[in-house]
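The chains referred to below are lettered A, B, ... by the order of the sequence lines, with proteins before strands, and numbering in each begins at 1.
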2 protein chains.
Amino acid sequence: MARYPGISLSVTRRMPRYYRFLAELMANGVERISSREFAELTGLTASQIRQDLNCFGGFGQQGYGYNVAALHTEIGRILSLDKRLPTILIGAGNLGLAVGNHMKFDEQGFQLIGIFDSNPQVVGQEIQGIRVRSINEIQSFCLENRPVIAILCIPRSAAAELSGDLVGWGVKGFWNFSHYDLSVAHGDQIVVENVHLGDSLMTLSFRVNELIDQ
Amino acid sequence: MARYPGISLSVTRRMPRYYRFLAELMANGVERISSREFAELTGLTASQIRQDLNCFGGFGQQGYGYNVAALHTEIGRILSLDKRLPTILIGAGNLGLAVGNHMKFDEQGFQLIGIFDSNPQVVGQEIQGIRVRSINEIQSFCLENRPVIAILCIPRSAAAELSGDLVGWGVKGFWNFSHYDLSVAHGDQIVVENVHLGDSLMTLSFRVNELIDQ
DNA sequence: TAGATTGTTAATCGATTAACAATC
DNA sequence: TAGATTGTTAATCGATTAACAATC
C-alpha cells in the first residue's frame, strides 16, 4: 500500500516547492514561519499551504506556526529524498550530458549507476566518474543491476522502441525528456515525469504574445 | 487586448501537446481525425479536446472530424510559432549549452540573438554561430537590441540579482531554469515559464516510492 | 436521407479558498 | 489568560466530463 494514498498530483507537485523555500529560509537563519508568511513568500495562499501539509500530518503548532528545519526534514522524508533509487541515463548528447552533470541525484533520491549511448564516439567517455556504455549492453546491464528509474534523453523514435523493454526489465519510473508520450503507452504500471521542453517553450510563446498584443 | 482573452493556463498547456501529436499524424500520412480517435491517441477525453479547440474557434466539421494539417497550422498560428521574438540566453554552463544547442528556437517562435556568461573562459566561444558575450555587456546589449525573452540558465542568486534589471530593460517573458521564483517577485507584468528540473525530479521520487511501496 | 461527429450547454467532479473552532 | 495560528470543515470556484441538439 502506498504510504500516502489519495494524495493528488497537484499537492504532490507543490511539495518540492515547499522544500526548496524551506531550505532557503534555513539558509537565512529563519527558525519559524506561519502559513501566512510562507504564503506571501511562495505566492500561494495560507489556506492551501495548511491544507497541503495536513495531507501528510500535523506539522505545525497553533499560535506558533511551523518550525522551518523540522518541516524541511519532514518533507524530505515524505519525498523519500534519502532513498537511492538505482537510475540509468539513456542518451549522452547535449541534453543527457547537461542533465547528468547538472543534477544532484544523491540529494534528490536517486543514484546514477549507468549511462548509455548509441554513438560510438561517446561510448567509453566518463561522466561524473561513470563510463558511458554502448546501448547494446543495456539489456544485460538492466537484468544484472535492476535499475528502477530511467532518464530518457533520446529522440522520440528511440524512446518508443526502448520503453517497452525497460518496463519489462523492471523500470518503474521515467524522467522523460523525449517527445514520446510514455504514459499513454504504459498506463499506470509506471510513473512518468515528463519534461517537454518544446511544449514549455511553445506555451511561453503563446503567453508572451498574449501579453504584448495589447 | 489579448487575442484570446480568458483562455485558462490548463487549456494553454495542452495546445503544444496537440500540436506535437498533429505533427506526428501528418508524418504518418493521416488526413483527418475525430475527437474520439485523437483522445485515444493523446490519452485525453474527446470532450476535452473539442472544448479546448472551441476556445479558439470551430476548426472541426460535423460528421467528419478535424483536418489534421489544417488544425496543425491553426494551432501553430494560435501559439504564434511563426513569430521571431528576440531572445537572449543567460548562462552558458552545462545546462545553458544544452538548451542553446538542443532547442529549435526558430520553429517555436523565438530568435536567439545573444548569449551571456560571467565565466571569462566561456566568453568568446561560439554556440550556434553566436559569440558568447560577457555578462558585463548585457545592459548595453539589451538597451540596443531590446530582447523580449530571456532564458535563465544561471544560479538562483544571479537570477535574483539580474531579473529586476531585465524587466526594467523591457524583457517580457522568461524561460526560467534557475531556482529563483521570478513570478513571485514580478507579478503579472511578465510571463514566466519555469522549468524546475529539481522539483520534477523530487516529484518523481515521491511518486515512484508511492508506487513501489506496496 | 442516414450516420457520424462536432459545438455547446448542463452536470459532475476536484481543487482552492474562506471560515472558525480547537489549542498552543 | 489573551493572542496567534493551526487543523479542519464548509463554501466557492474552476476544470473536466457527459449529454445532446445542430449540422455536415
Side-chain angles (χ1 to χ4, degrees), chain A residues 4-18 21-22 25 30-72 74-75 78 183-184 188 203 206-207, chain B residues 4-18 21-22 25 30-72 74-75 78 183-184 188 203 206-207:
Chain A
Y4 305 104
I7 300 290
S8 77
L9 195 53
S10 320
V11 173
T12 300
R13 287 201 190 287
R14 280 191 294 270
M15 298 309 284
R17 190 182 168 82
Y18 295 146
F21 274 98
L22 289 165
L25 285 168
V30 178
E31 259 183 36
R32 61 164 286 270
I33 195 162
S34 70
S35 58
R36 192 183 49 74
E37 291 166 313
F38 201 45
E40 200 163 332
L41 189 67
T42 57
L44 303 169
T45 69
S47 252
Q48 187 163 55
I49 289 169
R50 291 205 300 278
Q51 209 163 56
D52 283 356
L53 296 178
N54 267 81
C55 294
F56 300 97
F59 304 130
Q61 191 170 302
Q62 280 100 329
Y64 172 84
Y66 299 85
N67 179 291
V68 171
L71 187 57
H72 183 262
E74 278 298 344
I75 295 181
I78 291 164
S183 34
V184 178
D188 42 72
T203 302
F206 177 80
R207 294 175 63 201
Chain B
Y4 305 104
I7 299 290
S8 76
L9 194 54
S10 320
V11 173
T12 301
R13 289 201 188 289
R14 280 192 293 270
M15 299 310 284
R17 187 182 170 82
Y18 295 145
F21 275 97
L22 289 165
L25 285 168
V30 178
E31 258 184 35
R32 60 163 286 269
I33 195 161
S34 70
S35 58
R36 193 183 49 72
E37 293 166 312
F38 201 46
E40 199 163 332
L41 189 68
T42 56
L44 302 170
T45 68
S47 252
Q48 186 164 56
I49 289 169
R50 291 205 300 278
Q51 209 163 54
D52 283 355
L53 296 178
N54 266 80
C55 294
F56 300 97
F59 304 129
Q61 193 170 301
Q62 280 99 330
Y64 172 85
Y66 298 86
N67 179 291
V68 171
L71 187 56
H72 184 262
E74 277 298 345
I75 295 182
I78 290 164
S183 34
V184 177
D188 43 70
T203 302
F206 177 80
R207 294 174 64 203

Tell me, please, the opening and closing nucleotides of DNA chain C, 5' to 3', among those with an atom under 4.0 angstrom from a non-hydrogen atom of chain A.
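Counting from the 5' end, contacts occupy C:dA15 to C:dC24.
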
Would you list the atom pairs, donor with acceptor, under 3.5 Å between side chains in residues 54-66 of chain A and any protein atom, with sequence neighbours excluded?
none

Nearest-0.5 Å distance that lies between atom CZ in B:Phe38 and atom CD1 in B:Ile49:
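Those atoms lie 5.5 Å apart.
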
Sub-4.5 Å side-chain heavy-atom contact between [X] and [Y]:
{"X": "A:Val184", "Y": "B:Glu40", "value": "no"}
{"X": "B:Asn67", "Y": "B:Glu31", "value": "no"}
{"X": "B:Ile7", "Y": "B:Met15", "value": "no"}

Please work out if [X] contacts a base, only the sugar-phosphate, or nothing of the nucleic acid, heavy-atom cut-off 4.0 Å.
{"X": "B:Phe59", "result": "sugar-phosphate"}
{"X": "B:Thr45", "result": "sugar-phosphate"}
{"X": "B:Ser34", "result": "sugar-phosphate"}

Is the backbone N or O of [Y] less than 3.5 Å from a side-chain atom of [X], with the two atoms forming a donor-acceptor pair by type?
{"X": "B:Gln51", "Y": "B:Gln48", "value": "no"}
{"X": "A:Arg50", "Y": "A:Thr45", "value": "no"}
{"X": "A:Arg13", "Y": "A:Ser8", "value": "no"}

Starting from Watson-Crick (N1-N3 plus N6-O4 or O6-N4) and G-U wobble pairs under 3.5 Å, report the runs of at least three that DNA chain C belongs to.
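For DNA chain C the paired stretches long enough to count as stems (3 pairs minimum) are C:3-24 with D:3-24.
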
Return whichever of A:Gln51 or A:Gln62 has its heavy-atom-nearest nucleotide of DNA chain C closer to the 5' end.
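Nearest nucleotide further toward 5': that of A:Gln51.
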
Quick check on DNA chain C: between A:Gln48 and B:Tyr64, whose nearest nucleotide comes earlier from the 5' end?
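The 5'-side residue here is B:Tyr64.
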
